[in-house]
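Inspection log for the structure reproduced underneath, given as structure tokens.
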Amino acid sequence: EAGVTQFPSHSVIEKGQTVTLRCDPISGHDNLYWYRRVMGKEIKFLLHFVKESKQDESGMPNNRFLAERTGGTYSTLKVQPAELEDSGVYFCASRGGTGELFFGEGSRLTVL
Amino acid sequence: DQQVKQNSPSLSVQEGRISILNCDYTNSMFDYFLWYKKYPAEGPTFLISISSIKDKNEDGRFTVFLNKSAKHLSLHIVPSQPGDSAVYFCAAILNSGGSNYKLTFGKGTLLTVNP
């Protein structure tokens, strides 16, 4: 069974540019989460999808961040325009009905 | 304001000895606690968990202890092995029986097990 996959593994962009991160959850997992770890800080919750619906987006930093999950399968997280403080590792995780979260390897974003 | 705190950024132990990683929390409404292990360039991997109705959970070499009155939990690894070297994150959930399952993480503790 394939795990949670994320793309790209690393993205380097300049301030003001746009980046889109993609997450493919484990097949059949309705719950999909985005988390972020800024250097030296804790991993922080961004938002939670149940299928295609946003269940909780209380952790989204501001309106430069847009997450979508069309069709309830893969999800994208777009940052537009990117700022220096957006640099960090963005983790996606998925979960079935019960049980634990399975995390992807993360997408490292570097904003110069 | 951090609700889950891991006050030791790093810990170094000898192979075969016990590793004890500590975690404190401030929100008494957390009812489920987890430990995740993370290797470089990988995502966190679930290790062990404990419900707030218990004070101990054991899985092989890993044991988690919960002291609700002190709002403290610890992860014991015995015996420690070099392959245990990783960053360990403590995490907590509010209302774990609900649909959200949102984790609040600590900053992590880097464990190094020396051969």
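Here is the naming used below: chain letters follow the sequence lines, and residue numbers restart at 1 for every chain.
Criterion: ILVMFWY side-chain heavy atoms under 4.5 Å apart, direct or through other members. Under it, B:I53 and B:L94 are not part of a common hydrophobic cluster. Each of A:L32 and A:F7 belongs to its own hydrophobic cluster when Ile, Leu, Val, Met, Phe, Trp and Tyr are linked at side-chain heavy-atom distances under 4.5 angstrom. Cluster membership for A:V89 and B:F89, using ILVMFWY side-chain heavy atoms within less than 4.5 angstrom, is shared. Under the 4.5 Å side-chain contact rule for hydrophobic residues, A:L66 and A:F49 do not share a cluster. A:L47 and A:F91 sit in two unconnected hydrophobic clusters of ILVMFWY residues. Membership requires side-chain heavy atoms under 4.5 Å apart, directly or through other members.
Counting heavy atoms of neighbouring residues, nucleotides and ligands inside a 6.0 Å radius, atom CZ of B:R17 does not exceed 12 of them. A 6.0 Å sphere centred on NZ of A:K54 holds more than 12 heavy atoms belonging to other residues, nucleotides or ligands. Under a cut-off of 6.0 angstrom, the local environment of CD in A:E52 is crowded, with over 12 non-hydrogen atoms contributed by other residues, nucleotides or ligands. No more than 12 heavy-atom neighbours from other residues, nucleotides or ligands sit within 6.0 angstrom of OH on A:Y74.
Residues of residues 104-115 of chain B having a heavy atom under 4.5 Å from any heavy atom of chain A, listed by number: B:F105, B:G106, B:K107. Interface with chain A: from residues 42-51 of chain B, residues B:E42, B:G43, B:P44, B:F46, B:S49 qualify, criterion being any non-hydrogen pair under 4.5 Å. Annotation: residues 101-112 of chain A contacts chain B through A:L101, A:F103, A:G104, A:E105 [non-hydrogen atoms, separation under 4.5 Å].
In this structure, no portion of A:S9 lies under 4.5 Å from any heavy atom of chain B. Looking at B:Q2, only its side chain comes within 4.5 Å of chain A, counting heavy atoms on both sides.
How far CG of B:L103 is from OH of A:Y35: 4.5 Å, rounded to the nearest 0.5 Å. A:L46 contributes atom CG, which lies 10.5 Å from atom NZ of B:K102 (distance to the nearest 0.5 angstrom). Note that the CD atom of B:Q3 and the CD atom of A:E42 stand 10.0 Å from one another [nearest 0.5 Å].
Two residues are said to be in side-chain contact when any heavy atoms from C-beta on lie closer than 4.5 Å; A:H48 and B:Y101 fail this criterion. Residues B:Y36 and A:I43 form no side-chain contact, since every pair of their non-hydrogen atoms from C-beta on lies 4.5 Å or further apart.
Pairs of residues two or more places apart, or lying in two chains, that qualify as disulfide bond (SG atoms under 2.5 Å apart) and include a residue from residues 73-107 of chain A are A:C23-A:C92.
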